[in-house]
Structures are given as C-alpha cells and as structure tokens.
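Structure first, then comments.
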2 protein chains.
Amino acid sequence: MVKKSCLFLDTIQNKIDTKLRISVPGSFRAVLEEMNTELILYASFKQPCLEGLTGDMLEVLAQGIYEQYDMFSEEENDLTSLIFAESRVFPLDSTGRLTLPPKLMEHAELSDTALFVGKGKTFQIWNPEIFAEEQQKIREKMKTRPLTFRLKKEVNE
Amino acid sequence: MVKKSCLFLDTIQNKIDTKLRISVPGSFRAVLEEMNTELILYASFKQPCLEGLTGDMLEVLAQGIYEQYDMFSEEENDLTSLIFAESRVFPLDSTGRLTLPPKLMEHAELSDTALFVGKGKTFQIWNPEIFAEEQQKIREKMKTRPLTFRLKKEVNE
DNA sequence: TCTCATCCCATGATATCCCATAAGAAGAAA
DNA sequence: TTTCTTCTTATGGGATATCATGGGATGAGA
C-alpha cells in the first residue's frame with residue numbers, strides 16, 4: 001500500500017450553486033480525511049482569494065503565537081484578530097460540499113464558479129479569471145527575478 | 001470521527017435584548033461544551049471590549065502569572081487586580097444566552113448589538129462599529145510593518 | 001408586596017442533512 | 001484503439017434540525 005501524500009495538489013474548478021454551495025475536490029477531501037482534521041477557510045489578507053487550511057495547521061499556529069509573543073502584547077492581539085477572528089470551520093455535507101458565506105464570496109469576487117488551487121499544506125480558492133491573471137504576473141516576474149531555493153532536508157528519509 | 005478544534009473562531013454579531021441578554025454563538029458554546037468548562041468575562045484593561053475565556057484558560061493564566069512574576073511584586077499585584085478581581089463566571093440559560101451587567105455594557109460601549117470576536121484560545125465582545133475601526137487600523141499597520149511568523153513545529157507529524 | 005433575575009416555551013429564519021440525478025473518469029472487453 | 005460498463009464525483013432540490021430572539025412565568029430576595 002502506497003503512502004498517501006497529505007498535500008493539496010492540482011487546480012480544480014467547480015461550480016457554486018444558488019445556495020452558495022461548492023464541492024470540495026475529492027483529492028482535497030482525501031487529504032482532510034487522511035489527516036482526520038477539519039477544514040478552515042479565511043479571507044486572505046494579501047490577495048483577493050480565500051485561504052484553506054487544516055484544523056491541525058490552525059492549532060499549531062495558535063500554539064506558535066503563544067510561544068513567540070507575550071500574552072497581552074500588541075503583536076499577539078493583532079495576529080489573533082487577523083487570523084482567528086477571520087477564520088471559520090467549514091463542515092462538509094454528505095456529498096463533500098461547503099457553503100460559502102456572502103462575506104467570503106465578496107472578498108474573493110466569486111459568483112458562479114471557483115478554482116481550488118493546491119498550495120501544498122494549504123490551498124486557495126479563487127475566481128478563475130482573477131487567478132489566471134495573477135498566475136501570468138507571477139510567471140512574468142520569474143523571468144526577471146528567478147527564485148532561489150535549497151532543500152535543507154534529505155529527500156528520501 | 002474528526003477531531004474538533006477547541007478554538008474560538010470567526011466574528012459573529014448578535015442582538016442584545018431589552019433584558020440585556022445576548023446569545024453566545026453556537027460555535028463558541030460548542031468549544032465550552034467540548035472543553036467542559038465555564039464561561040468567564042472581564043472588562044479588557046487595554047481596549048473598550050470584554051475579554052472572554054474558558055475556566056481552563058483562566059487557570060493557565062493564573063499559573064503563568066505566578067511563574068513569571070514574583071509573589072509580592074507590583075506587576076503580580078496589578079495583573080491579578082485587573083484580571084481576577086474583575087472576572088466572573090457567566091452561566092448560560094437553556095437557549096445559550098448570558099446577561100450582561102450594566103458595568104460591562106458601559107465599558108464596551110454596547111447598546112443593542114454586540115460582536116463576538118474569536119481570538120483562538122480566548123474571544124472578545126465588541127461594539128461592532130468600534131471593532132470595525134480597530135480592525136481597519138490593524139490592517140493598515142500590517143501593510144507598513146508586516147508581522148513575520150514562522151512555524152517552528154512540523155504540521156503533519 | 002415589589003423588584004429583579006432566572007427559567008421556560010414559542011416562533012421565525014437560516015443552515016444542515018438527505019436523497020435523486022447528472023456528469024465524468026477509470027477500467028474491462030472486443 | 002474503440003466501445004461499453006461501472007464506479008466515483010459533482011450538482012440540484014426538497015425536508016429537517018438547529019439557532020437566535022422575543023415574551024411570559026416562576027421564584028428569590030429586599
């Protein structure tokens with residue numbers, strides 16, 4: 001039996017119905033089930049899209065904030081206001097759909113279709129047209145400023 | 001069975017009725033029930049809002065204060081005065097509401113609506129208009145001085 | 001007896017669940 | 001390679017349960 005990857009991969013476009021429901025791609029649901037965790041969404045504070053996370057990820061985030069910042073510090077307050085106040089658990093129905101709140105629909109400028117974009121340990125939800133433009137911009141940027149990146153850890157271990 | 005996150009998430013606006021009652025959001029109540037703990041409120045000593053905690057969290061807070069400050073220090077005295085002397089357990093009625101004392105209503109400048117703001121292991125209760133301004137300030141701050149934050153722990157392990 | 005706080009029930013709105021159907025992908029047989 | 005079958009995944013609509021909120025009843029303390 002091959003070990004399943006716990007990464008969100010690929011780009012999948014699904015429809016948003018009149019009740020603002022959308023199917024989470026099967027491969028994404030498989031990751032959530034494999035990790036036995038909940039699905040979290042929040043409005044990205046950098047881009048017009050939604051950020052998708054696992055519940056585990058959010059717990060680690062919470063723990064990290066308390067370890068790195070003072071309980072009553074301004075930084076702690078700002079971070080928790082931006083992350084936890086904006087995110088929510090999204091339960092899936094029996095066919096694997098979630099319901100998008102109007103607030104998030106607006107933020108990501110969604111109407112009748114949405115794009116699930118795998119980002120490894122997280123994913124994003126985009127308006128397909130906007131994503132295509134953004135993706136193009138990133139490609140252009142790479143031509144002039146190539147990113148460097150080095151794997152620190154051995155791969156096959 | 002998926003593990004439930006024990007974090008206060010999302011921002012939910014509810015009404016305060018003529019008896020000064022307000023429904024605690026269902027998702028917040030779920031956290032309290034899951035942790036099998038009481039709901040504590042006190043007037044924030046930094047902002048015009050109310051701080052909400054679980055009984056468990058208050059215990060952790062107490063422990064932290066005694067570990068970080070000398071028993072008879074000024075800081076220890078100030079913090080305990082500000083937190084424990086002001087805190088109270090708020091019982092919920094059968095439909096999940098609590099009754100706000102006039103003193104807390106004043107402190108948070110509340111009238112007929114209030115916003116429950118998830119902050120992870122705690123939450124806050126705000127006048128919606130005041131919170132919107134505060135949140136905007138935080139967003140502005142992030143543009144000029146983006147907070148960096150690095151996950152130290154592996155997420156999927 | 002009066003006042004205040006808590007408790008209990010009724011209602012309406014909303015979100016969640018469940019079933020039915022359609023579409024697509026993978027696999028088997030020709 | 002082509003066609004047919006089967007299974008999984010996606011989408012639509014109706015039924016149901018849950019939650020927020022308002023009003024009245026009950027009981028304790030002043």
Side-chain angles (χ1 to χ4, degrees), chain A residues 1-2 4 8-34 38-41 50 52 55 87-106 110-118 123 125-128, chain B residues 1-2 4-5 8-34 38-41 52 88-106 110-118 123 125-128:
Chain A
M1 169 120 167
V2 177
K4 287 177 193 160
F8 297 106
L9 303 174
D10 205 359
T11 302
I12 292 133
Q13 181 166 326
N14 282 341
K15 278 190 185 173
I16 301 169
D17 69 18
T18 51
K19 291 178 175 179
L20 307 186
R21 292 179 304 188
I22 187 167
S23 282
V24 174
S27 59
F28 285 29
R29 291 206 305 267
V31 173
L32 293 167
E33 278 162 29
E34 180 73 14
E38 294 169 312
L39 170 63
I40 315 277
L41 288 185
L50 310 180
S87 39
R88 217 194 89 187
V89 174
F90 283 81
L92 304 184
D93 70 16
S94 59
T95 62
R97 288 177 294 192
L98 59 87
T99 304
L100 291 165
K103 211 171 148 190
L104 292 186
M105 292 281 294
E106 272 176 45
L110 298 171
S111 57
D112 59 350
T113 52
L115 207 63
F116 285 82
V117 180
F123 65 90
I125 299 176
W126 285 82
N127 174 318
Chain B
M1 168 106 172
V2 176
K4 285 179 194 159
S5 83
F8 295 106
L9 302 175
D10 205 0
T11 64
I12 293 132
Q13 181 167 322
N14 282 342
K15 281 189 184 172
I16 301 169
D17 68 18
T18 51
K19 293 176 176 178
L20 306 186
R21 292 179 303 186
I22 186 166
S23 282
V24 175
S27 59
F28 285 30
R29 291 205 304 267
V31 173
L32 293 167
E33 279 163 29
E34 179 75 14
E38 294 169 311
L39 171 63
I40 316 276
L41 288 185
R88 216 194 88 189
V89 174
F90 282 81
L92 304 185
D93 71 15
S94 60
T95 62
R97 287 178 293 195
L98 60 85
T99 304
L100 291 165
K103 206 173 151 189
L104 292 187
M105 292 280 294
E106 271 177 47
L110 298 171
S111 56
D112 59 350
T113 52
L115 207 64
F116 285 82
V117 179
F123 65 91
I125 299 177
W126 285 81
N127 173 318

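Just the heavy atoms: all of them, side chains too, but no hydrogens, waters or symmetry mates, feed the values below. Throughout, protein chains are lettered first and strands after them, A, B, ... in sequence-line order, and every chain is numbered starting at 1.
The nearest whole Å value for the distance from the CG atom in A/Leu100 to the C1' atom in C/dT14 is 16 Å. Nucleotide D/dT21 holds its P atom 15 Å from the CG atom of B/Leu20, rounded to whole Å. Distance, A/Lys103 NZ to C/dA15 P: 14 Å, rounded to whole Å. Across the protein-nucleic acid pair, B/Ile16 atom CD1 and D/dA20 atom C1' stand 14 Å apart, rounded to whole Å. What separates CG of A/Leu32 from P of D/dT9 is a distance of 14 Å, to the nearest Å. Rounded to whole Å, the distance from CZ on A/Phe116 to P on D/dT11 is 10 Å. The separation between A/Ile22 atom CD1 and D/dG12 atom C1' is 15 Å, rounded to whole Å. Counting to the nearest Å, the C1' atom of D/dG22 and the CG atom of B/Asp17 are 7 Å from each other.
Rounded to the nearest 0.5 Å, atoms OG (B/Ser111) and CE (B/Met105) are 6.5 Å apart. Once rounded to the nearest 0.5 Å, the distance linking CG of A/Leu41 with CG of B/Leu9 reads 11.5 Å.
Closest to the A/Lys19 side chain, of the nucleotides D/dT11, D/dA20, D/dA15, is D/dA15.
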Contacts under 3.5 angstrom, residues 87-100 of chain A side chains, donor-acceptor by atom type, not counting sequence neighbours:
{"from": "A/Ser87", "atom 1": "OG", "to": "A/Ile83", "atom 2": "O", "distance (Å)": "2.6"}
{"from": "A/Asp93", "atom 1": "OD1", "to": "A/Thr95", "atom 2": "N", "distance (Å)": "2.9"}
{"from": "A/Asp93", "atom 1": "OD1", "to": "A/Thr95", "atom 2": "OG1", "distance (Å)": "3.0"}
{"from": "A/Asp93", "atom 1": "OD1", "to": "A/Gly96", "atom 2": "N", "distance (Å)": "3.0"}
{"from": "A/Asp93", "atom 1": "OD1", "to": "A/Arg97", "atom 2": "N", "distance (Å)": "2.9"}
{"from": "A/Asp93", "atom 1": "OD2", "to": "A/Arg97", "atom 2": "NE", "distance (Å)": "3.0"}
{"from": "A/Asp93", "atom 1": "OD2", "to": "A/Arg97", "atom 2": "NH2", "distance (Å)": "3.4"}
{"from": "A/Thr95", "atom 1": "OG1", "to": "A/Arg97", "atom 2": "NE", "distance (Å)": "3.2"}

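Aromatic ring orientation, B/Phe123 versus B/Phe116: tilted (interplanar angle from 30° to 60°).
Residue contacts shown for B/Pro91 are absent, as no nucleic acid heavy atom lies under 4.0 Å away.
Contact of the B/Ile12 side chain with the B/Ser27 side chain is registered, since non-hydrogen atoms from C-beta on lie closer than 4.5 Å.
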> Which letters describe nucleotides 18-25 of chain C, given B = protein heavy atom under 4.0 Å from base, S = only from sugar-phosphate, - = neither?
Replying inline: BB------
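Using a distance-only test at 3.5 Å, with no hydrogens or angles considered, no donor-acceptor pair links the side chain of B/Asn14 to the main chain of B/Ile22.
Of all the heavy atoms in B/Leu110 and B/Asn127, the pair that sits closest is CD2-N, 3.5 Å.
Distances shorter than 4.0 Å separate some side-chain N or O of A/Arg29 from OP1 or OP2 on D/dA10.
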